[in-house]
Novice: 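My structure is below; once you've seen it, I'll send some questions.
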Amino acid sequence: MKIAQVIVDVSTYAVNRPFDYALNEDAPYVEIGSRVKVPFGRRDVIGYVVGLKEETDVDPAKLKPISEVVDYRPALTEELVELAQHLAHRTICYEIDALQAMLPAAMRTSYERLVVATVSLEQLSPALRDIFESSPTQSFDSLTSAQQKLCKDAALVGDVEFRTAMKQQTAIKTERVLHVPSLERLQQIEGELSNRAHKQKQLLAYLMNYPNEVLVEKVVREEADVAGPTIQTFVTAGYVERSEREVYREIDASQMAYDEKLALTTEQQRAFEAVRDAIDASRAETFLLHGITGSGKTEVYLQAIERVLERGEQAVVLVPEIALTPQMTARFKGRFGEQVAVMHSALSQGEKYDEWRKIRRGEVSVVVGARSAIFAPFTNLGLIILDEEHESTYKQEDVPRYHARDVAIWRGNYHHCPVLLGSATPALESFARAQKGVYTLLSMTERPKQSALPEVSVVDMREELRTGNRSMYSHALIQAIRERMERGEQIVLFLNRRGFASFMLCRDCGTTMQCPHCDISLTYHRSVERLKCHYCNYETYVPPKCPHCESESMRFFGTGTQKAEVELKKVIPDISVIRMDVDTTSRKGAHEKLLSAFGRGEAQVLLGTQMIAKGLDFPNITLVGVLAADSSLHLADFRASERTFQLLTQVSGRAGRAHLQGEVIVQTYAPEHYSIQLAKQQQYIPFYNVEMQMRKRFGYPPMFYIVALQLSHASLEKVIHYANQTARFLRQALDDTFIIVGPAPSLISRVNDRYRYQCLIKYKAENNLFDVLHQLMHMYRTKWMKEHLRLSIQMEPQSLM
DNA sequence: AGCACGCCGACT
DNA sequence: GTCGGCGTGCTC
């Protein structure tokens, strides 16, 4: 007998293992990776086939057959099923969560419990008759609890039945097409038509142009200028055949300009050859391409991909979400045309689903996408690229908490293909691995377009204060902005706002407006004139007086982009500014619209936050101003310096990318800090050396691996109790090569009325760590959870907030 | 997760 | 005596 091992779509500890199901002789084709509908308990659920076998230990009386196969082509490949198992183990999550993370959201199933009357309306009791009046099928959950009870009782007698309806979130899009008959038949029809049927004649005349062809009904309606009923008449009369045809949603109809292959510089050539050799040798080697901004990493990617395609293999290119601008995708589509699929958050569920299907069917060979594109169901991968590999967006913040870089390397090993990590400012972890020879380091230190690196100057804002300038703009920056305006060049102003939201403070008594549910200040949103909590979404009005001392000197502190714009216009009233922040880019496509408007020269200044740090490459930008470079330095986070360095280096790279000389002005209150000084000189390696010393001294990655355990509970005593118990358990289960830090209150010690504590594990060799963590999770799932404790385990957290 | 089973207190 | 509270345990 054939047996399928199935992981069911129930995200719980108790069912986090395969269940066996019988595959009858007449069962449709089932493979590893197939989605199947199976009876589970008294209901039906979707499951994923993760194994096939001939025998089972399950009691034959219990063994049930699968109900049906959901997709003809298995949703997942065998490789991805294996990867899900690996991810579940390494990120401490359920296998079902890992499996689902690999599929587009459109394929998630929603369940609806249905009650179906199985006897005629007259045979039902009067109360039941009311329920089923409109239809013999009713949604169970929309009934009142009294009605639900009635149905349960009726089910015992057999008058009604329970069923589960399953629906995929987004359907495959189809369009109606018409099959035009032969010319002879059309002429025959012409004779049959009444003289008065003008519209029908008009339609026939149109169809005469396309004998034996298949036409899209909508197009026919428009071009022949006939209405739906006319076509319906033709269909009913049997003049034309009508059917539905699957179509892909059109993503970007605009014409992609052909992107010409560039000649490589010596440095680029050397990097390219190293990667090409690994591609040709089918070698799972990880390269770290360290190339300064503007050194032409993309061209190396493109030519390596070209090589992969020549070999009949496929490539995945990951790009940080924010950098997935049309500029970037245009380059890939321009070079490889129809072979490219694009995946990012600006696409609708349906569009992502369509792109995914193109990949699954092998209709494309290159995917350019954000984090989740790492799960592209290719079967013959030849290369995986992570551009800007240091970006924290490659780490998924919720379950399954995977890092795309780790997944890439796993897939590279599976497919025997190289992985190429590219960055101007590699993550410390990556560079350290390259130093140790785990990754192969490739360096590019020149800009091919001969454009010089921009001149960077650092302005000490403390000095400005001393000379009486209290504004956000230094004299030097204002002066430089004026110069560019005269020359008709463009300016980018970057506001480093991490950890620097605007909050309200009473100048008399020092009271700040805090969230009543979280241990954090409320943020002022000018657009809606309200205060909001960024952790729990609590919202309130702006108080007219200080709630503590009733003074009227409540003021906003901190610097938002709106304030920056207002202040700039105070100094230079005739300046035109495009502002990019969460407020102006929340609508779909707004991001791209603003960028292209700036590209067309519709404004002199582009002012924004993180989101403008990359992806824009306009030749006319000759000045970049950083308004508060150090604000990200003050975060209590071991990556603060690294983030600041990366940000400043990226931003500086925006200036003068073509023939014009660029200038960067960095305003800061901490001009002597090494991450600012070294970013100024674009000195990655010295920065790496200093920062590594720091990490070593404080025992942070990459000197140690870390795991963060976060506990929360509505009661402070409870959370402390369990945090202590957790730490005790870890200390006893792990040997002394592990350092257990804490427990201690989290940096934000209360969120949503729950107190938060955390424990850190630092280690160099994992030994039995994963067993111990799974044990802890078991304890939590079976005992602690009942006490309403919440515990999350984060492998290699990006920050310790 | 959902759902049934089962064992004790409040009603017809 | 039955209804229904939610503790416990199972789902191939």
Side-chain angles (χ1 to χ4, degrees), chain A residues 1-25 27-28 30-70 81 85 88 92-101 108-116 127 138-158 160-167 169 398-400 777-792:
Chain A
M1 172 143 59
K2 270 237 166 153
I3 306 288
Q5 296 178 279
V6 176
I7 297 281
V8 291
D9 179 15
V10 181
S11 180
T12 327
Y13 176 77
V15 294
N16 185 31
R17 63 189 169 88
F19 284 82
D20 288 354
Y21 284 88
L23 288 175
N24 297 334
E25 301 302 307
V30 169
E31 277 181 71
I32 290 179
S34 293
R35 286 192 300 172
V36 290
K37 194 170 163 181
V38 290
F40 193 66
R42 344 190 89 245
R43 63 212 166 111
D44 280 353
V45 291
I46 293 291
Y48 296 82
V49 177
V50 296
L52 294 168
K53 54 184 185 179
E54 300 289 326
E55 283 173 7
T56 174
D57 305 331
V58 175
D59 175 0
K62 281 187 171 179
L63 193 71
K64 295 179 187 171
I66 63 163
S67 313
E68 65 183 72
V69 181
V70 180
V81 168
Q85 245 161 52
I92 327 282
C93 74
Y94 303 128
E95 218 170 311
I96 188 68
D97 292 326
L99 287 164
Q100 278 183 342
R108 298 256 162 86
T109 350
S110 58
Y111 298 89
E112 191 186 15
R113 285 181 294 173
L114 299 177
V115 214
V116 187
Q138 295 292 326
S139 155
F140 182 74
D141 294 293
S142 56
L143 299 177
T144 65
S145 45
Q147 289 176 321
Q148 293 185 346
K149 172 107 187 33
L150 281 170
C151 289
K152 279 186 183 168
D153 295 342
L156 296 175
V157 199
V160 305
E161 251 177 48
F162 288 101
R163 258 180 236 156
T164 320
M166 286 178 209
K167 203 169 81 213
Q169 229 144 71
D398 45 54
V399 177
M777 230 27 198
H778 180 81
M779 218 145 67
Y780 163 65
R781 292 289 176 195
T782 53
K783 301 198 183 76
W784 301 359
M785 220 164 86
K786 291 184 188 122
E787 300 262 335
H788 304 110
L789 179 85
R790 255 179 260 160
L791 167 68
S792 76

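Residue numbers start from 1 in every chain, and the chains themselves are labelled A, B, ... in the order their sequence lines are given, proteins ahead of strands.
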Novice: Between C:dC12 atom P and A:Asp9 atom CG, what is the distance in whole Å?
Specialist: 15 Å
Novice: Which is true for A:Arg113 with a 4.0 Å heavy-atom rule: it touches a base, it touches only sugar-phosphate, or it touches nothing?
Specialist: sugar-phosphate
Novice: Report the residue (A:Ser11 or A:Arg42) whose heavy-atom-nearest nucleotide on DNA chain B is the more 5′ of the two.
Specialist: A:Ser11
Novice: Just checking A:Tyr21: base, sugar-phosphate only, or nothing, at a heavy-atom cut-off of under 4.0 Å?
Specialist: sugar-phosphate
Novice: Just the rounded figure in Å: distance from C1' of B:dA1 to CG of A:Asp97.
Specialist: 12 Å
Novice: Can A:Val115 and A:Phe162 be said to form a side chain to side chain contact (heavy atoms under 4.5 Å, CB included), step by step?
Specialist: CA-CA 5 Å; A:Val115 214; A:Phe162 288 101; 3.9 Å; yes
Novice: In whole Å, what is the span from the CG atom of A:Asn16 to the P atom of C:dC12?
Specialist: 16 Å
Novice: Near A:Lys167 NZ, under 6.0 Å, is it more than 12 heavy atoms from other residues, nucleotides or ligands?
Specialist: no
Novice: Please state how far atom NZ in A:Lys783 lies from atom P in C:dT8, giving the value in whole angstrom units.
Specialist: 13 Å
Novice: Indicate yes or no: does A:Asp9 engage A:Arg35 in a salt bridge with an N to O separation below 4.0 Å.
Specialist: no
Novice: Could you report the tightest heavy-atom contact between A:Lys64 and A:Pro39, atom names first, then the distance?
Specialist: CD-CG, 3.7 Å
Novice: Atom CD1 of A:Ile46 and atom P of C:dT11: how far apart are they, to the nearest Å?
Specialist: 21 Å
Novice: What does A:Pro18 touch in the nucleic acid at a heavy-atom separation under 4.0 angstrom: a base, only the sugar-phosphate, or nothing?
Specialist: nothing
Novice: Provide, to the nearest angstrom, the distance between the CD1 atom belonging to A:Ile96 and the P atom belonging to B:dA1.
Specialist: 14 Å
Novice: C:dG7 C1' sits how many Å from A:Glu787 CD, rounded?
Specialist: 14 Å
Novice: Would you kindly give the CD1-to-C1' distance between A:Ile7 and B:dA1, to the nearest whole Å?
Specialist: 15 Å
